[in-house]
There are 2 protein chains.
Amino acid sequence: MKKGRGLLIVLSGPSGVGKGTVRKELFSQPDTNYEYSISMTTRNPREGEVDGKDYFFKKREEFEQLIREGRLLEHAEYVGNYYGTPLDYVNETLDAGRDVFLEIEVVGAAKVREKMPDGVFIFLAPPNLSELEQRLIGRGTESDEVIRNRINKAKDELEMMHLYDYVVENDEVGRACDRINAIITAEHCRRTRVEERYKLMLEGNDPQ
Amino acid sequence: MKKGRGLLIVLSGPSGVGKGTVRKELFSQPDTNYEYSISMTTRNPREGEVDGKDYFFKKREEFEQLIREGRLLEHAEYVGNYYGTPLDYVNETLDAGRDVFLEIEVVGAAKVREKMPDGVFIFLAPPNLSELEQRLIGRGTESDEVIRNRINKAKDELEMMHLYDYVVENDEVGRACDRINAIITAEHCRRTRVEERYKLMLEGNDPQ
């Protein structure tokens, strides 16, 4: 079947959870079938980072011009630097029937969700869902404060999860990647997406 | 994490699409991690069919008694024989945290959907979604009547799809199985399912 519009796949999660590592692993796989949307930033390149590969590195004035022109899907400022997602690239790739993969912070993901609610939003979670339960049912080796901190952290993450379609535990990078690939395959089979393509195909071909 | 309730997975689709073949292939895979719910029937065993493996073979009176006692998740009559899904087995397996896999006709699937709306409903479709488009854009080799029949068939299938979460094209048995397994993996990562387990775990453990 002729492909419809591609899927927008958004991977996010708490900082430090390993989003970048998972994304790199996904894109190192030979059969990866989606396009990585490279972010734009005003921060300086770190050692080994390549413009147009790791990021598009821009001057502050250039970045602010793109914001004014509405050419960023989302943007945010961290520690005095801008980070954002170029909108044209995302739309052109989706229109060509290719899936686009974004790896962004939770604040940006929330903004993307507003603009593109039919995207696939994946929350990468630390493996503390499993660990936490072990500790709660516990072996009596943890102090009350350690347990209290873990519970509070878990509650914060639960709040953050709210806007996502899927939660993938990053217990092991390879396993997290397998789950993400399964989610993308499944989303391509979603009835609402298939049905729409099917209907479009049958319109214009009414046998009556 | 301790498992919550298992998933109910329902595979259905038009007759002749190859549901049985796909189901057998899924259950011949060594890492299949869900339980097949064996149907009950009043028809006679065919050559090679084993009671308690292919079907539970029952007498008509026994089957009607189970209907009266409400012990079937769904049942239907085809060509003078009853077919149905034993309810106790499904509930016990789900409660034990194991996924249950049903392969049933579309009429039965609609009934299951009413009773268990949080199941995962997969429509196995003939590969005519792809083929049809080829024929519509066509090479001029098909008669108008052949094309008209195909379009009407496609419209009927589109109607049937309506109650399902996913549509899997049975273009090739192995590929259809891969998609079904991906759907099951993805459904286990659905935020609504994970979040619920997470909340239940955190309830009774409030740090305040």
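Throughout, a chain's letter reflects where its sequence line sits, starting with A, and its residues are numbered from 1.
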Side-chain donor-acceptor pairs under 3.5 Å in residues 102-111 of chain B, sequence neighbours left out?
{"residue": "E103(B)", "atom": "OE1", "partner": "R23(B)", "partner atom": "NE", "Å": "2.8"}
{"residue": "E103(B)", "atom": "OE1", "partner": "R23(B)", "partner atom": "NH2", "Å": "3.1"}
{"residue": "K111(B)", "atom": "NZ", "partner": "H75(B)", "partner atom": "O", "Å": "2.8"}

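- By the 6.0 Å contact criterion, CZ on R113(A) is enclosed, its count of non-hydrogen atoms from other residues, nucleotides or ligands being greater than 12.
- Atom CD1 in I183(A) sits 9.0 Å away from atom CZ in R190(B) (nearest 0.5 Å).
- When R191(A), E187(A), R193(A) are compared by the number of non-hydrogen pairs under 4.5 Å with chain B, R191(A) comes out ahead.
- More than 12 heavy atoms of other residues, nucleotides or ligands lie within 6.0 Å of CZ in R43(A), so this atom counts as buried by the packing criterion.
- The ring-ring contact (aromatic ring centres under 6.0 Å, His included) contacts involving residues 158-181 of chain B comprise F123(B)-Y164(B), where partners must be two or more places apart or lie in separate chains.
- Considering V168(A), D165(A), I180(A) in turn, V168(A) is the only one that fulfils the side chain to side chain contact (heavy atoms under 4.5 Å, CB included) rule with C189(B).
- Taking all atoms of both residues into account, the shortest heavy-atom contact from A182(A) to A186(B) is O-CB, 4.1 Å.
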